[in-house]
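This report refers to the structure that appears directly beneath it.
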Amino acid sequence: MLELMEDTFLHKGLRQKLVEEIKKKGITDTNVLNAISKVPRHLFMDSSFIHFAYKDKAFPIAANQTISQPYTVAFQSELLKIKKGDKVLEIGTGSGYQTAVLLEMGAQVFTIERHKTLVMSAQTLLPKIGYRPKFFYGDGFEGLPTYAPFDKILITAGAPEIPKKLIEQLKIGGLLVLPIGNDQEQTMTLVEKKDNGSVEKVEFGTFIFVPMLKGKV
Ligand code: SAH
């Protein structure tokens, strides 16, 4: 067990290669690249996929969900333009890998997950390796009104549309990054809340996420 929690020189070397790979794919934000080079992704994977941890691919985790592809994590993190101390709401904790990347970038993270089993495993793993977000078991469509407003909101599941309550919980000038589409594919979308409360949308490429679903399980 102890052995499984190790982060060796081999792992660090593989991460460096992964960073080079996502740089080639167009990620330039040094804060993002630095975070990817630091977070031990192999510790977030199911044991049967651990040897593939530094491949730039999504893999299955518990509850029929996935750990996002590193390039996708980097792309969403870059769009968020994270600054030290940013208060970030993340919808879809999953393995907690993206959560750790945001923390490594200097954000203060509030993360919501609708699968109890995933909340429990992330809540056990992250503090053990030095990452301390605030965890919530709940429905991300509701957000966290008690802790609002947020500087940034990130949705890591495919949403059918922009969730209204999340816009309400965003600061003026704040950013929401989410994939919008059906359960087959989605368009990465950056939403900025303007000072009259309206929103401005910019669309990026096509991505594939597990769907954002209502309620908790
Ligand atoms: N960022 C995660 C990606 C996990 S996949 C990682 O890197 O591992 C997306 C996650 O969103 C799944 O765990 C899924 O259960 C969760 N999810 C889907 N709809 C949700 C909702 N309404 N509220 C909270 N979490 C949700």
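These numbers come from a predicted model, not from an experiment. Every number for a ligand or one of its atoms is a count from 1 in the order of the listing.
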(message) Tell me whether D56 is salt-bridged to K24, with the criterion being a basic N under 4.0 Å from an acidic carboxylate O.
(response) no
(message) What I want to find out is whether K164 reaches E168 closely enough, with some N-O distance under 4.0 Å, to be called a salt bridge.
(response) no
(request) Could you tell me which residues satisfy side-chain hydrogen bond (donor to acceptor under 3.5 Å, both in side chains) with N182, sequence neighbours excluded, listed by chain and number? (result) none
(message) With ring-ring contact (aromatic ring centres under 6.0 Å, His included) as the rule and sequence neighbours excluded, what pairs involving residues 81-103 come up?
(response) F44-Y97
(message) V210: which residues meet the side chain to side chain contact (heavy atoms under 4.5 Å, CB included) condition with it, sequence neighbours left out?
(response) Q65, T66
Output block, N or O contacts of ligand 1, threshold 3.5 Å exclusive:
unit_1   : atom_1 : unit_2 : atom_2 : d
ligand 1 : 1 (N)  : G92    : O      : 3.4
ligand 1 : 1 (N)  : T156   : OG1    : 3.3
ligand 1 : 8 (O)  : S95    : N      : 3.0
ligand 1 : 8 (O)  : S95    : OG     : 2.6
ligand 1 : 13 (O) : E113   : OE1    : 2.7
ligand 1 : 13 (O) : E113   : OE2    : 3.4
ligand 1 : 15 (O) : E113   : OE2    : 2.6
ligand 1 : 19 (N) : L213   : N      : 3.0
ligand 1 : 22 (N) : D139   : OD1    : 3.0
ligand 1 : 22 (N) : L213   : O      : 2.7
ligand 1 : 23 (N) : G140   : N      : 2.7
ligand 1 : 25 (N) : R114   : N      : 3.4

(request) Apply side chain to side chain donor-acceptor pair (under 3.5 Å) to the pair S198 and N196, showing each step before the final yes or no. (result) CA-CA 6 Å; S198 69; N196 58 6; 2.7 Å; yes
